[in-house]
Amino acid sequence: DQQVKQNSPSLSVQEGRISILNCDYTNSMFDYFLWYKKYPAEGPTFLISISSIKDKNEDGRFTVFLNKSAKHLSLHIVPSQPGDSAVYFCAAQGGSEKLVFGKGTKLTVNP
Amino acid sequence: DVKVTQSSRYLVKRTGEKVFLECVQDMDHENMFWYRQDPGLGLRLIYFSYDVKMKEKGDIPEGYSVSREKKERFSLILESASTNQTSMYLCASWRIGTALHFGNGTRLTVT
């Protein structure tokens with residue numbers, strides 16, 4: 001059973017607009033959430049994280065929102081740039097347990 | 001900055017061959033992981049290790065084994081490679097309180 005779900009396999013947006021990537025989770029023990037970005041032929045790189053005591057975390061153009069009651073988080077990228085085109089993985093963790101990854105969303109930002 | 005190095009970027013092996021994928025990290029992390037990434041399936045955990053000589057099965061351990069003789073090195077072994085093991089293999093290391101750090105991946109093709 002998938003504990004972390006990214007229901008959109010792909011997303012396409014225009015340069016300069018906002019990209020919103022969504023992630024849902026089922027395990028209420030998760031207390032730390034991360035987003036990773038992956039370019040083809042490279043390993044995933046850490047992008048941004050949020051702990052369950054917060055509902056928002058910003059880092060430049062990237063903002064992650066956490067809605068604990070809905071067990072939902074989202075990554076906002078604004079403004080989107082062509083270099084943001086990549087696969088984005090949502091991941092969740094509870095305590096010292098290993099990370100659980102979603103299946104990824106492929107973002108394409110069109111010039 | 002954490003560096004996770006995978007010895008090969010690309011490998012081509014024949015069915016039935018024994019294959020070794022090597023991974024080294026330089027940050028003294030206790031935990032190391034092997035994932036495979038396939039289109040539409042996301043990142044799937046094969047094996048992980050919490051300490052030297054310790055190993056735990058992940059979600060898809062069948063057809064694989066691992067070796068952790070030294071803290072900095074975690075090897076993935078395909079005892080008898082099969083075509084369904086053609087994939088991108090990603091090694092990662094981690095310490096509690098930090099994000100997972102990935103290597104650049106090994107693209108393995110089994111013919």
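In what follows, chains carry the letters A, B, and so on, assigned in the order in which the sequence lines appear, proteins first and then strands, with residues in each chain numbered from 1. As a basis for the values below, the full set of heavy atoms in this structure was taken, side chains included, without hydrogen atoms, waters or symmetry mates. Please read all numbers here as calculations on a predicted model, not as lab measurements.
- Looking at L100(B), the atoms closer than 4.5 Å to chain A (heavy atoms on both sides) sit in the backbone and in the side chain alike.
- Within the 4.5 Å cutoff, side-chain heavy atoms of C90(A) are placed close to those of L73(A).
- Top candidate by heavy-atom pairs under 4.5 Å with chain A, chosen from G40(B), A92(B), G58(B), C91(B), is G40(B).
- Neither the backbone nor the side chain of P9(A) comes within contact range of chain B; no heavy atom of the residue lies under 4.5 Å from a heavy atom of that chain.
- Residues of residues 24-42 of chain A lying within less than 4.5 angstrom of chain B, judged on heavy atoms, are L34(A), Y36(A), K38(A), A41(A), E42(A) in numerical order.
- Looking only at side-chain heavy atoms (C-beta outward), F48(B) and K98(A) come within less than 4.5 Å of each other.
- Put simply, F20(B) and L11(B) are part of two different groups of oily side chains (I, L, V, M, F, W, Y) that touch within less than 4.5 Å, one to the next.
- Counting non-hydrogen atoms of neighbouring residues, nucleotides and ligands closer than 6.0 angstrom, the NZ atom of K68(A) exceeds 12 such neighbours.
- Proximity to chain A is absent for every atom of R44(B), based on heavy atoms less than 4.5 angstrom apart.
- Heavy atoms from other residues, nucleotides or ligands lying under 6.0 Å from CZ of R95(B) number more than 12.
- Between H76(A) and F65(A), the ring centre distance stays below 6.0 Å.
- In the hydrophobic cluster analysis, where Ile, Leu, Val, Met, Phe, Trp and Tyr join through side-chain heavy atoms closer than 4.5 angstrom, W34(B) is grouped apart from V4(B).
- Within the 4.5 angstrom heavy-atom criterion, no atom of Q6(B) approaches chain A.
- By the criterion of side-chain heavy atoms lying less than 4.5 angstrom apart, applied directly or through intervening Ile, Leu, Val, Met, Phe, Trp or Tyr residues, W94(B) is not grouped with I46(B); the two fall into different hydrophobic clusters.
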